[in-house]
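For the single chain, residues carry numbers from 1 onward in sequence order.
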Amino acid sequence: MITPGSAPHLLARLDLIAAGLEASGRALALLGLGSVGAELDRADRFSDLDFFVVVRPGQVEALLDDLSWLGGGLIQAFRNTPDGFKVLFAGGVFGEFAVFDEAALRGAAFVNARVVWRAPDAPADLPLHPRPQAARTEPLSAAQRAHHLGEALTNLLIGVRRFRRGERLSAWQFTQVYALGHALALAADATTPQPGWADAFGLERRFEVRFPAVAARLDACLPGLVGTPGAALAILDLLESLDLMGWQEAAGLAAQVRQEAREALADRTA
């Protein structure tokens, strides 16, 4: 029995989609992406069904207007971009797709695609943008490190002050979203990752697998809406642990954040 949302269930749905595209006569190829693309080894029951459809000239709107080629069992279809939809199928399979002609595909941003189905007359050189699993992102430049550090510290200061003013939502965003994002970019740059697929578009994807020691700090950095002062201190500790070039020059700003975060904690217990 195939478990809904499992890798076999996702692949079975892709086979249905491929059959529908072939029968339509409008398509040239079906490309799987993400965990149903070249990274199939990481597919599990929580994976999404991400794919591109490559169509014959002039057929984009025809396939977007009539989704019968998806193979039935469609519960919901939401057109989230001019090129495609987010969809939910019976059995819980959730997916996202875009429909391109060949020229548009060659200008699209994606990595590690896999040919699921190809028409006999499809171009032999459809772009797949493969990359090795062990590929490491380019190290940050000195200017990028300085930018991330400056943004992290100033966002922490803004967040703590907004918390003390009573603007807890904005405070949470500045500390536990903006500042933490910059801190994690610095941490990933300064840390050798464990083996695992890196995401080309989002550092947060599979972060726990690739950077387990840094991920162990996340609970302290993400205490929630009422925890901004503690979050600020935890993010400061993370930054300080990275032994960053430029940390000494930023010591005054870091000290100000630490002082005001401790004052905010004292305000809560007074």
Side-chain angles (χ1 to χ4, degrees), residues 2-24 26-56 59-119 122 126-131 133 177 181 196-210:
I2 294 175
T3 302
S6 66
H9 199 68
L10 294 172
L11 298 181
R13 171 55 63 175
L14 274 179
D15 287 342
L16 282 175
I17 292 169
L21 289 171
E22 185 174 21
S24 77
R26 300 180 186 275
L28 288 169
L30 172 63
L31 305 182
L33 302 170
S35 57
V36 294
E39 302 172 23
L40 194 59
D41 60 316
R42 66 176 180 83
D44 61 23
R45 66 192 182 94
F46 303 110
S47 293
D48 300 335
L49 188 71
D50 296 323
F51 60 93
F52 284 167
V53 176
V54 190
V55 300
R56 299 180 185 280
Q59 299 301 315
V60 170
E61 287 304 321
L63 285 184
L64 290 172
D65 289 342
D66 178 5
L67 300 181
S68 60
W69 52 271
L70 287 170
L74 187 64
I75 292 176
Q76 182 71 38
F78 160 57
R79 189 160 181 174
N80 65 314
T81 71
D83 305 309
F85 285 79
K86 292 182 176 180
V87 290
L88 178 67
F89 296 97
V93 172
F94 171 76
E96 186 170 357
F97 70 86
V99 178
F100 298 122
D101 60 24
E102 183 187 347
L105 176 73
R106 294 186 185 279
F110 62 97
V111 293
N112 278 359
R114 178 178 65 89
V115 176
V116 177
W117 166 81
R118 184 200 304 263
L126 287 174
L128 302 179
H129 304 309
R131 61 193 177 100
Q133 180 171 352
V177 179
W197 287 107
D199 191 286
F201 306 105
L203 174 64
E204 71 281 356
R205 294 299 310 276
R206 298 176 288 284
F207 189 92
E208 296 85 349
V209 171
R210 300 181 67 237

- Who passes side-chain contact (heavy atoms from CB on, under 4.5 Å) against Ala104, sequence neighbours left out? Phe100, Asp101

- Message: Which residues pass the salt bridge (Lys or Arg N to Asp or Glu O under 4.0 Å) test with Arg26, not counting sequence neighbours?
- Response: none

- Note on the structure: With sequence neighbours left out, the residues meeting side-chain contact (heavy atoms from CB on, under 4.5 Å) with Phe85 are Leu64, Leu67, Ala77, Arg79, Val87, Phe97

- Task: State, to 0.1 Å, how close Val36 and Arg114 come at their nearest heavy-atom pair, and which atoms those are.
- Result: O-NH2, 2.9 Å

- Message: Please enumerate all residues that pass side-chain contact (heavy atoms from CB on, under 4.5 Å) together with Asp66, with sequence neighbours excluded.
- Response: Ser68

- Note on the structure: Correct closest heavy-atom pair for Ala119 and Ala27 would be CB-O, 4.0 Å

- Message: Strictly by salt bridge (Lys or Arg N to Asp or Glu O under 4.0 Å), give each pair with a member in residues 29-38 just once, sequence neighbours left out.
- Response: none

- Message: Taking side-chain contact (heavy atoms from CB on, under 4.5 Å) as the definition, give me every residue that meets it alongside Arg118, ordered by chain and number, with sequence neighbours left out.
- Response: Val115, Ala122, Leu126

- Selection residues 83-94 - residue pairs positive for salt bridge (Lys or Arg N to Asp or Glu O under 4.0 Å), sequence neighbours left out: none

- Return the set of residues passing salt bridge (Lys or Arg N to Asp or Glu O under 4.0 Å) with Arg106 (not counting sequence neighbours), or none when no residue passes. Glu102, Asp125

- Item | Option among Leu63, Val99, Leu28 that satisfies the side-chain contact (heavy atoms from CB on, under 4.5 Å) test with Leu21 | Leu63

- When every non-hydrogen atom of Ser47 is compared with those of Ala43, the smallest separation belongs to OG-CA, 3.4 Å

- Note on the structure: Partner of Leu31 under side-chain contact (heavy atoms from CB on, under 4.5 Å), picked from Val53, Leu105, Asp50, is Leu105

Could you tabulate the donor-acceptor pairs under 3.5 Å formed by side-chain atoms of residues 12-20, not counting sequence neighbours?
from  : atom 1 : to    : atom 2 : distance (Å)
Arg13 : NH1    : Leu70 : O      : 2.8
Arg13 : NH1    : Gly72 : O      : 2.9
Arg13 : NH2    : Gly72 : O      : 3.1

- For Leu33 and Phe110, what are the C-alpha separation, side-chain angles and deciding distance, and is it a side-chain contact (heavy atoms from CB on, under 4.5 Å)? CA-CA 8 Å; Leu33 302 170; Phe110 62 97; 4.0 Å; yes

- Task: Can you sort out the partners of Ser24 under side-chain hydrogen bond (donor to acceptor under 3.5 Å, both in side chains), two or more places apart, ordered by chain and number?
- Result: none

- Show the numbers, then the answer: is there a side-chain contact (heavy atoms from CB on, under 4.5 Å) between Ile75 and Phe89? CA-CA 5 Å; Ile75 292 176; Phe89 296 97; 6.0 Å; no

- Query: Taking the side chain as C-beta and beyond, is there a heavy-atom pair between Asp48 and Glu96 under 4.5 Å?
  - Reply: no

